[in-house]
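Worth saying up front: this structure is predicted, and the values here are computed from it rather than measured. Read the numbers this way: they start at 1 and go in the same order the structure lists the ligands and their atoms.
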Amino acid sequence: MTKRSKWGTNLGFLLAAIGSAVGLGNIWRFPYVAYENGGGAFLIPYFVALFTAGIPILMLEFALGHHKEASAPKAFRHIDRKWEWLGWWAVTFVLFGISLYYIVIIGWCANYMFFSLANSWGSDPNTFFFEKFLASSNSGVWDINGFRWPIVIAVAVIWFINWLITYGGVEKGIERAVKVMMPLLFVLTALIIIWALFLPGATKGIKHYVTPDFNKITDLKVWIAAYGQIFFSLSLGFGIMIAYSSYLSRDANIFKNSLIVGFTNSFYEVCAGFGVFSILGYMATRQGREIGEVVDSGIGLAFVAYPTAISLLPHGNLFGFLFFLLLIIAGISSTISIIEAFTSAVMDKFELSRRKVITTICIIGFFGSLAFTTNAGLSWLDIVDHFLNQYGLITVGIVEALIVGWLYRTDKLKAHIVSNLGLSGKRHKVFDYVILQLWMYCIRFVTPIALGIAIIHSLIREFGEPYEGYPISGIIVLGVGWILVTHIFAFGLSGLPWRGDEPEEKK
Ligand code: TRP
């Protein structure tokens with residue numbers, strides 16, 4: 001049996017886990033979700049979600065991976081062989097689903113990093129993005145036409161960088177890379193936020209971001225948005241945190257690590273919101289428009305609103321270059337984590353060499369990403385993203401909480417967390433009997449119920465009207481199809497015989 005890789009230091013692990021959590025979701029998704037769902041008041045459901053599902057599930061994934069020293073499929077098989085597929089499914093749909101288009105978006109950022117230098121979008125960033133850059137087909141999902149070559153090339157480069165980093169292994173590859181990338185990411189973020197805060201009109205934007213609308217809090221949709229944001233942003237249900245914590249030294253403090261990762265991720269996204277809304281405030285002021293007219297989510301924000309602002313800003317070219325560089329770094333530190341999670345699963349079960357596995361994944365991944373680089377790429381991305389996020393991550397979260405909470409008995413994991421707390425006497429007891437007891441209740445009751453409501457609510461909406469008015473054929477083939485095919489693949493992998501040491505069943 002090959003020896004399990006290890007992080008060089010606990011800090012290396014923290015940087016890698018934070019690198020996975022902090023991604024495009026923090027920079028362009030959170031600010032908009034917060035703005036739309038009650039501004040400052042959104043922080044209430046958001047922090048409730050962080051404490052009742054985010055940190056508890058993060059702690060569960062860390063504790064499980066660390067305790068079993070195993071990737072997701074192996075860790076679940078330890079609990080009961082029936083559940084091995086869940087681990088495979090998580091790493092499969094994230095790697096061969098979410099990552100495929102996530103890397104395409106990073107590829108757009110790479111193009112835009114250079115476009116910023118030359119202001120390539122001219123005076124109409126909207127037309128430039130949709131009609132020139134993406135050359136989106138108007139007639140929809142099945143109007144594929146051909147590849148957008150500048151995107152294909154960028155995607156090849158991004159996959160290559162991912163390969164380069166993960167090929168080196170846990171300590172010499174990932175840990176080394178995040179020790180450079182994460183400090184750079186933090187410095188760039190601070191620079192951009194400070195730059196933005198001092199622009200005229202910034203306060204106007206910030207006011208819109210933080211002004212609380214308490215009426216929204218009674219709306220179920222707002223709560224569902226909060227849980228959804230926490231899940232995607234903290235990389236929960238991806239199988240990533242399980243793999244990352246399996247490389248920790250035996251005496252690592254799981255409780256402390258979960259809090260650090262959970263809080264840093266939220267702190268980062270709340271701060272990012274100030275930067276994003278300052279820029280929007282500046283832009284609205286310059287153009288004499290209202291914030292409501294210039295604000296946009298995700299793709300529209302980064303590739304239409306921001307370019308507009310960049311053209312208006314003094315030294316906007318540099319600002320744009322740094323902003324897109326920031327997105328690229330945040331994105332790559334996330335994608336390497338899923339490549340590692342899948343590789344670790346394959347190595348655990350089939351004892352294959354890391355290098356062969358990684359090279360194969362990156363080649364297949366590159367070809368898979370091509371599906372999102374055609375003229376129909378944008379609508380494909382939109383559909384696959386919606387289905388995998390709404391149903392994939394949340395399903396894994398519910399099932400994982402139920403399996404660990406009821407089948408495995410959470411007290412075993414609790415005992416594992418307690419053993420490394422490094423506390424003694426009264427404080428130890430308080431942690432053991434109060435805080436971790438609350439954690440167990442969250443895992444057994446609160447998390448599955450909250451996520452269950454969210455998923456039922458989404459399903460009802462799905463049957464009401466097709467998502468975003470896409471043709472049913474597109475939704476079934478791309479959305480439902482992607483879920484089914486990755487499921488079949490996961491069942492297939494879990495049915496193959498073990499070559500690595502097979503976990504014995506323990507109840
Ligand atoms: N948490 C990341 C974010 O907020 C998303 C993410 C993490 C991700 N790991 C990933 C996306 C792997 C794709 C592949 O953006």
Side-chain angles (χ1 to χ4, degrees), residues 15-34 46 49-50 54 57-58 61 72 90-109 155 158-159 161-162 165-166 174 177-178 181-182 185 189 225-244 261-262 264-273 276 297-299 301-302 326-345 361-362 365-366 368-369 372 381 384-386 388-389 392-394 396-397 482 486:
L15 291 176
I18 293 170
S20 172
V22 170
L24 305 179
N26 299 58
I27 300 166
W28 77 25
R29 196 164 178 277
F30 175 81
Y32 182 78
V33 172
Y46 175 80
L50 178 68
I57 294 273
L58 185 64
E61 294 199 355
V91 291
T92 304
F93 81 74
V94 179
L95 180 62
F96 297 112
I98 300 182
S99 315
L100 299 184
Y101 64 78
Y102 200 82
I103 286 191
V104 171
I105 301 178
I106 305 175
W108 298 349
C109 293
V155 164
I158 305 291
W159 269 107
I161 298 175
N162 273 286
I165 295 175
T166 46
I174 298 180
V178 292
M181 286 162 88
M182 297 313 287
L185 183 82
T189 310
Y227 277 89
Q229 174 63 23
I230 287 285
F231 248 73
F232 185 74
S233 184
L234 265 180
S235 311
L236 300 177
F238 287 53
I240 291 174
M241 297 306 188
I242 300 181
Y244 267 10
V261 175
T264 309
N265 179 63
S266 289
F267 179 72
Y268 186 98
E269 55 192 11
V270 173
C271 287
V276 165
S297 67
I299 289 171
L301 177 82
L326 171 79
L327 287 180
I328 296 172
I329 298 175
I332 293 180
S333 62
S334 295
T335 50
I336 52 175
S337 66
I338 186 63
I339 297 179
E340 182 54 42
F342 194 91
T343 306
S344 149
I361 288 178
C362 291
F366 166 68
S369 283
F372 301 96
L381 187 157
V384 177
D385 175 65
H386 171 77
L388 293 186
N389 279 330
L393 300 182
I394 307 277
V396 176
W482 221 283
T486 46

Novice: Quick check: F96 with F342 (ring centres under 6.0 Å apart)?
Specialist: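 Distance test on ring centres: under 6.0 Å, yes.
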Novice: Under 4.0 Å from a heavy atom of A21: give me the atoms of ligand 1 that qualify, with their elements.
Specialist: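 The list of qualifying atoms is 1 (N), 2 (C), 3 (C), 4 (O).
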Novice: Please could you name the atoms of ligand 1 that S337 approaches to less than 4.0 Å, counting only its heavy atoms?
Specialist: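 Going through ligand 1 atom by atom, the ones under 4.0 Å from S337 are 9 (N).
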Novice: For residues I240 and S235, report the shortest heavy-atom separation together with the two atoms involved.
Specialist: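 Scanning both residues, the minimum pair turns out to be CD1-CB, 4.4 Å.
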Novice: Do S20 and Y244 pair up side chain to side chain, a donor and an acceptor below 3.5 Å, judged on atom types alone?
Specialist: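 Distance-only check fails for S20 and Y244.
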Novice: As an exercise, identify every atom of ligand 1 less than 4.0 angstrom from a heavy atom of I338.
Specialist: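 Atoms satisfying the 4.0 Å criterion: 12 (C), 14 (C).
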Novice: Show the atoms of ligand 1 that are less than 4.0 angstrom away from any heavy atom in S233.
Specialist: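 Ligand 1 atoms under the 4.0 Å threshold to S233: 1 (N), 4 (O).
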Novice: Could you state the interatomic distance from CZ (F232) to CG (N389), rounded to the nearest 0.5 Å?
Specialist: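 The CZ atom of F232 sits 5.0 Å away from the CG atom of N389.
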Novice: Ring centres of W482 and Y101 under 6.0 Å apart?
Specialist: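 Centroid distance W482-Y101: not below 6.0 Å, so no.
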Novice: Within a distance under 4.0 Å of any heavy atom of S99, pick out the atoms of ligand 1 and give their elements.
Specialist: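 With S99 as reference, the close atoms of ligand 1 come out as 14 (C).
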Novice: What part of I240, side chain from CB on, backbone N/CA/C/O, both or neither, has a heavy atom under 4.0 Å from ligand 1?
Specialist: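 Answer for I240: side chain.
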Novice: Which pair of non-hydrogen atoms, one from F93 and one from L393, has the smallest distance, and what is that distance?
Specialist: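 The pair with the smallest heavy-atom distance is CZ-N, 3.6 Å.
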Novice: Are R29 and S233 side-chain neighbours, meaning at least one heavy-atom pair lies under 4.5 Å?
Specialist: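 R29 does not reach S233 side chain to side chain.
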Novice: Pull out every atom of ligand 1 sitting under 4.0 Å from any heavy atom of S235, numbered as shown with elements.
Specialist: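 Counting from 1, the qualifying ligand atoms are 1 (N), 7 (C), 9 (N).
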Novice: Would you mind telling me if ligand 1 is within reach of the side chain of F232, the backbone, both or neither, using heavy atoms under 4.0 Å?
Specialist: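 It is both parts that get close, each with some atom under 4.0 Å.
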Novice: For I98, counting its heavy atoms only, list the atoms of ligand 1 lying under 4.0 Å from any of them.
Specialist: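 Contacts of ligand 1 toward I98, numbered from 1: 11 (C), 13 (C).
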Novice: Quick one: which of Y268, Y101, Y102 has a heavy atom closest to atom 5 (C) of ligand 1?
Specialist: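 Closest candidate by heavy-atom distance is Y102.
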